[in-house]
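Written below as C-alpha cells is the structure these notes are about.
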Amino acid sequence: MAELLTPHGVALATRGLDLAGVFAAALQGGAIARTERLDLFGFAAVGVVSGLGGGLIRDTLLQHGTPVALTDVFYLPTALAGALIAFVISISQDAWDRLFTALDAAVIGFWAVAGAQRTLAAGLGWLPALLLGTITAVGGGALRDMMLRRVPAVLGGNALYASVAVVAAAITVVSNYAERPTLGIVLGVTVALVLRLTAYRRGWGLPSGLDWQPRSRLASALRRGWRRAPEETERRVPGRVARTARRRRGSPGKEAPRGKEAPRGEEVPRRLRFRGARPAPGTLRRRPAPGHAQPTPPKDPTPPHPPGGT
C-alpha cells in the first residue's frame, strides 16, 4: 500500500486499470459479436475496436505523444485475448447477459479512473479530466455500436451509463486534489460498479424530452397562430393569390396545378387552352344544346323491289 502512494505506484495502478478495462471491453465486444453471428475476424475486429477505441481517442486528444495502445506491447494482445476467449467459450444467453452487465460496469469504472488519472498526469485541469475520463469509458463502446449499426448506449434509452463515468472521474479528480490518489482509485472503481449495477437492476435512467410548455402571453399567441385554420389565412390573401392558393390545394371546381393530381373522390374539370393565337369568332364548330337536336332527313317510303322481280 505504501508503494501505491508514490507517483510511480499510481502510474502502475493506472496502467493496470487501463489493461483491465481493455480486456473486459474486448470480452464484452466478443459477446456482442457472438450475438451477431460474426466469424473469427469479426470477433477480433469488434474486440479490438471495443477494447482500444476509448484509449486511442483519449491519447489523441491529449496530444502527449504516441497513443499508449501503440507503444505498449501488452495492449493489442490483451484485446485479442479477450475477443478470442469470447469466441472459444460457448455459454447460455442468460449467462452472457449477466456477464455483459458486470463487464459493462467494470469497464466504466476502470476506464473512467484511468482516463482521469492520465489527464491529470499530463498537467491538465479538473474539467478536461472529467471530459477525457468519460470519453475513455464510453468511446470504445460507442465506436463498436456504430460499427455494428446499433444505437450507442451513451445516447440514452437504458440505465445510467455515461453518468456513472462522470461520477467515477469526479471522485478521482477530487481525491487527487486532496492528495489521496490511491483512495480515489479504489473509491472511483467501487462507486462505478455499485452505481451501474444498481441502476441496471432498478431501471434508473435520465429523463427524456419533457412536455412542459411556457405559459405566457407570447407563447399563447404563438400557439393560437399555429392552430389557425387554413381558411382564415386564405381570406387574408387578396385576389389572384387566393385563387392560386386554392388551386394548389386542389379545391373542387378549380384547376389542379400542373404535375399534381386532384384529390381522390373529386373530379376537377379541365379548361380548353390554346397554344397559339386565339381563333377568330365563329370558326369553332359548336355542339348543339342537349334539348335542340338537329332533324334527321325522312326515309324513302317506297319499299325496295324484291330480288329477281319484274
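What's counted below: heavy atoms across the whole structure, side chains too, no hydrogens, waters or symmetry copies. This structure is a prediction, so every number in the text was calculated from the model and none was measured.
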Inset, instruction - Might you work through the side chain to side chain contact (heavy atoms under 4.5 Å, CB included) test for Phe43 and Leu84, ending with a clear yes or no? - result: CA-CA 7 Å; Phe43 272 77; Leu84 184 61; over 6 Å; no

Rounded to the nearest 0.5 Å, what separation is found between the [atom1] atom of [X] and the [atom2] atom of [Y]?
X      : Y      : atom1 : atom2 : result
Thr101 : Arg201 : OG1   : CZ    : 9.0 Å
His64  : Thr119 : NE2   : OG1   : 10.5 Å
Leu103 : Leu27  : CG    : CG    : 5.0 Å
Leu187 : Ser175 : CG    : OG    : 6.0 Å
Ile57  : Leu62  : CD1   : CG    : 12.0 Å
Leu80  : Phe87  : CG    : CZ    : 13.0 Å

So which heavy atom on [X] is nearest to which on [Y], and how close?
X      : Y      : answer
Ala79  : Ala26  : O-CB, 3.2 Å
Gly51  : Ala25  : CA-CB, 3.8 Å
Pro77  : Val73  : CD-O, 3.0 Å
Ala169 : Gly133 : CB-CA, 4.5 Å
Ala168 : Gly188 : CB-O, 3.7 Å
Ala116 : Val173 : CB-CG2, 4.4 Å

With clusters defined by side-chain heavy atoms of hydrophobic residues (ILVMFWY) lying less than 4.5 Å apart, directly or transitively, does [Y] cluster with [X]?
X      : Y      : value
Tyr161 : Val194 : no
Val68  : Leu76  : yes
Phe41  : Met147 : no
Leu206 : Leu197 : no
Leu19  : Leu12  : no

Legend entry - Check: Leu195 and Ile108 side chains under 4.5 Å, non-hydrogen atoms: no

Legend entry - Minimum side-chain heavy-atom gap Trp126-Leu120 below 4.5 Å: no

Inset, instruction - Before giving the answer on side chain to side chain contact (heavy atoms under 4.5 Å, CB included), spell out for Leu52 and Val22 the whole-Å C-alpha distance, their side-chain angles and the decisive distance to 0.1 Å. - result: CA-CA 6 Å; Leu52 302 180; Val22 168; 3.9 Å; yes

So does [Y] get a backbone contact from the side chain of [X], meaning a donor-acceptor N/O pair under 3.5 Å?
X      : Y      : result
Thr35  : Ile32  : yes
Asp18  : Thr14  : no
Thr136 : Trp111 : no

Legend entry - Passing candidate, side-chain contact (heavy atoms from CB on, under 4.5 Å) with Val46, options Arg34, Glu36, Arg144, Gln28: Arg144

Inset, instruction - Carefully, step by step, assess Asn176 and Gln117 under the rule side chain to side chain contact (heavy atoms under 4.5 Å, CB included). - result: CA-CA 8 Å; Asn176 274 269; Gln117 284 284 357; 3.1 Å; yes

Legend entry - Tyr177 OH: over 12 foreign heavy atoms closer than 6.0 Å: yes

